[in-house]
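Reviewing the structure listed below.
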Amino acid sequence: MNERLTNSLPLFVMSLTGLVAAIAVTVWATTYEIDAFRKNQMQTMEAEASLANGLVTDFVRNRQNLVRAFAKHNLGTIKAIAESADDDTLSLSFTHTIRDFFPSYFSFVVRNDRGVFNPDNFGDIVGEFCRRDMGGFSVELAEAEKQQTPNPVTYEPLIHPQPFNFHFDIPTPWRAKDGTHGLFMISFPPQPLVDILKGHQVSGHALFLLRRDVPPLIEASAEGWRETFKRNGRLSDAEMQALIFRRPVEGTRWDTAYVPNYGLMEQHSDKSWRNASVIIALLVIISGVTIWWNFVSNRNRVRAQAALVEAHRTLEDQVVSRTEELRNANEDLEQAKEKAELANLAKSEFFANMSHELRTPLNSIIGFSETMSQERMGKIPDRYKEYATLIHQSGTHLHQIIGDILDLSKIETTEAHLTEEAIDVNELIDGIATMLSDVAAKNDVALSRKGQISDLPLIWGDPVRIKQVILNLLGNAIKFAQSGTVSILAMCENGAMAIQVQDDGIGISAEDLAHITKPFFQARAHSTLTHAGTGLGLSISRKIIEQHGGTLTIESALGRGTTITISFPAGRTLAKQ
């Protein structure tokens with residue numbers, strides 16, 4: 001028990017220290033994130049208020065320039081309206097001209113130098129605002145002209161109420177060549193100002209356009225102007241105290257200002273602290289579980305160590321016992337291997353000796369049966385002649401089997417040494433093709449060479465053995481081509497030589513293809529043919545090619561023919577001199 005407590009103490013102290021550090025980091029990160037959020041909100045509001053202020057300034061200045069240019073361009077009409085006795089026809093025509101230039105304008109009026117307005121359709125109450133502003137503006141213009149002020153006097157607009165629509169005025173002075181002069185004014189709806197505020201209001205906070213001479217009075221906001229938004233037209237005392245970033249809009253009687261939503265920031269702060277509390281609770285739980293798990297694991301580790309020591313002793317005893325058993329088994333396997341190798345060698349020697357012993361009488365049988373079947377010693381009855389022919393065919397077939405067995409036994413007993421020399425592949429293939437031409441014609445098979453290359457390199461190998469392989473492959477192809485085509489192709493790529501024999505015969509099944517090069521194996525489709533083989537040709541061919549360091553590969557499918565490729569490594573090729 002004491003040992004378990006001693007081992008657990010360092011991890012307990014480490015876990016507790018890590019918990020305190022994690023809580024401290026969580027508190028610091030939460031505080032930093034709340035401050036960063038507040039700072040970001042304030043910086044964003046300040047930037048957006050500045051942008052909105054500049055856009056309103058540009059918008060008013062642009063309208064003033066446009067109205068000034070329009071008045072200059074239409075000076076004759078404006079002078080005519082100023083001198084007319086309330087000519088509705090002329091005013092209506094001019095209305096269409098203004099609407100073509102200012103599609104969103106509200107109304108217009110012309111004031112002559114006598115202070116008479118035309119058309120005079122303001123209304124008794126609201127018209128007083130416009131008359132008063134234009135009268136005051138006329139006085140400022142006259143005073144500036146009297147004192148020859150170098151800088152032009154511009155009208156600073158504000159929003160006027162009207163029974164049907166709120167608007168702001170853009171007046172400009174006009175003067176005809178005959179000296180008559182006055183003011184021309186166009187009134188615009190405040191919706192463009194609302195759009196500017198809406199585009200730069202930070203979500204959750206309020207951006208206002210306020211009257212400079214009446215600080216609480218709201219001219220417009222992102223919600224609309226006084227006529228449209230559902231609230232009192234003035235800021236409350238609390239909102240006035242909270243007001244930030246109030247700046248005058250140049251060339252107007254307006255200020256832009258933000259009323260921040262501190263409640264939104266408090267909500268974000270509360271949410272951040274709730275998240276931090278959850279994280280701290282999880283850290284406490286995880287630390288407690290870690291300490292408990294360490295105690296349990298340490299206890300189990302002590303028990304496991306004791307069990308491991310005991311298991312180690314038992315394992316050592318078992319290793320000694322198993323080692324002795326393995327040594328005995330290896331000795332038995334070595335003895336069995338030696339016996340198997342001796343038995344295989346004895347088998348091969350037996351096949352070789354028996355083949356020699358069988359060949360002598362078999363040659364006599366073949367010779368005598370051939371003499372009898374050809375009636376060289378005199379005429380014999382047809383039945384005996386038929387019997388002699390069958391004896392000769394069977395003897396020849398048996399002689400081939402014995403020859404193949406002898407070749408296989410020589411290869412397996414390493415008695416078949418290669419007599420190597422430089423071989424001209426083209427000459428070798430042409431000779432074999434000539435040798436088998438009669439057999440191919442007899443079987444109604446077309447034997448052809450594909451892509452004969454005159455500058456093929458030579459092969460270093462045993463010409464007798466390689467000829468035996470190609471002869472066997474071509475013979476098999478002719479046998480199973482079924483009145484089709486057999487082709488042979490020699491090619492050289494990257495220094496390596498390949499010889500390919502292809503037929504369009506019955507093909508080999510995938511199941512038989514895996515065993516086709518095993519000794520005495522015959523494909524089931526082939527075994528039904530009248531020309532049965534020994535089942536050793538492909539096995540002997542593969543072993544001969546492997547003796548030359550090459551490979552023999554077979555590609556085939558039932559009904560699609562067979563392609564056999566023998567390949568020699570680059571080390572077996574020689575350039576022609």
Side-chain angles (χ1 to χ4, degrees), residues 362-363 365-367 369-371 373-374 385-386 388-408 423-452 462-490 499-508 516-517 520-523 525-542 544-545 552 554-556 559-566:
L362 189 58
N363 286 331
I365 294 173
I366 293 172
S369 61
E370 182 181 12
T371 300
S373 64
Q374 294 179 359
K385 182 179 180 180
E386 180 181 354
T389 301
L390 291 175
I391 292 171
H392 179 265
Q393 291 176 350
S394 299
T396 302
H397 180 64
L398 183 59
H399 187 273
Q400 181 184 355
I401 293 176
I402 293 173
D404 289 343
I405 292 174
L406 183 60
D407 284 343
L408 184 63
I423 305 170
D424 189 317
V425 176
N426 281 327
E427 292 181 0
L428 182 64
I429 293 176
D430 290 341
I432 296 173
T434 302
M435 183 186 305
L436 294 177
S437 58
D438 292 339
V439 178
K442 183 179 179 181
N443 285 273
D444 196 19
V445 172
L447 183 60
S448 66
R449 284 211 53 188
K450 283 187 177 181
Q452 186 169 3
D462 189 328
V464 175
R465 289 298 185 182
I466 293 178
K467 180 179 180 180
Q468 178 183 354
V469 171
I470 299 175
L471 192 63
N472 178 62
L473 298 182
L474 277 175
N476 284 344
I478 293 171
K479 184 190 301 183
F480 300 114
Q482 294 186 334
S483 302
T485 302
V486 173
S487 63
I488 182 167
L489 168 67
I499 301 173
Q500 192 176 81
V501 176
Q502 185 176 12
D503 67 70
D504 55 1
I506 59 177
I508 306 169
I516 197 67
T517 59
F520 302 105
F521 182 85
Q522 289 182 312
H526 294 174
S527 62
T528 61
L529 300 175
T530 57
H531 302 286
T534 64
L536 291 172
L538 285 176
S539 177
I540 293 172
S541 297
R542 179 176 62 84
I544 291 173
I545 296 302
L552 184 148
I554 304 175
E555 298 176 7
S556 184
R560 296 184 181 180
T562 302
T563 300
I564 300 180
T565 304
I566 56 175

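- If you take CZ on R542 and CD1 on I564, they are separated by 12.5 Å, rounding to the nearest 0.5 Å.
- Between atom CD1 of residue I470 and atom CD1 of residue I499 there is a gap of 4.0 Å, rounded to the nearest 0.5 Å.
- Between I544 and L552, the closest side-chain pair of non-hydrogen atoms is not below 4.5 Å.
- Inter-residue side-chain proximity for L538 and I554 is flagged as met; some heavy-atom pair is nearer than 4.5 Å.
- Between A433 and L447, the closest heavy-atom pair is O-CD2, 3.8 Å.
- Nearest heavy atom pair, residue N426 against residue D424, reads N-OD1, 3.1 Å.
- Within the 3.5 Å criterion, the main-chain N or O of G561 finds a donor-acceptor partner in the side chain of S556.
- Atom CG of N443 and atom NZ of K479 lie 10.0 Å apart (nearest 0.5 Å).
- Q500 pairs by the side chain to side chain donor-acceptor pair (under 3.5 Å) definition with T565, not counting sequence neighbours.
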Exercise. Which is it for D430 and R449 under the side-chain contact (heavy atoms from CB on, under 4.5 Å) test, yes or no, and what are the steps along the way?
Worked result: CA-CA 9 Å; D430 290 341; R449 284 211 53 188; 3.0 Å; yes

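- Annotation for S448 and T485: closest pair OG-CG2, 4.5 Å, computed over non-hydrogen atoms.
- Between S437 and T434, the closest heavy-atom pair is OG-O, 2.8 Å.
- Going from atom CD of E427 over to atom CD1 of I432 covers 12.0 Å, rounded to the nearest 0.5 Å.
- To the nearest 0.5 Å, atom CD of residue E555 and atom CD of residue Q502 are 9.0 Å apart.
- Tested against V501, the residues I429, N476, I488 include a single side-chain contact (heavy atoms from CB on, under 4.5 Å) partner, I488.
- Using a distance-only test at 3.5 Å, with no hydrogens or angles considered, a donor-acceptor pair links the side chain of D503 to the main chain of G505.
- Between L474 and M435, the closest side-chain pair of non-hydrogen atoms is not below 4.5 Å.
- Nearest approach of N472 to S541, heavy atoms of both residues: ND2-OG, 3.2 Å.
- I545 contributes atom CD1, which lies 4.0 Å from atom CD1 of I566 (distance to the nearest 0.5 angstrom).
- Minimum heavy-atom separation, D504 to G484: OD1-CA, 3.5 Å.
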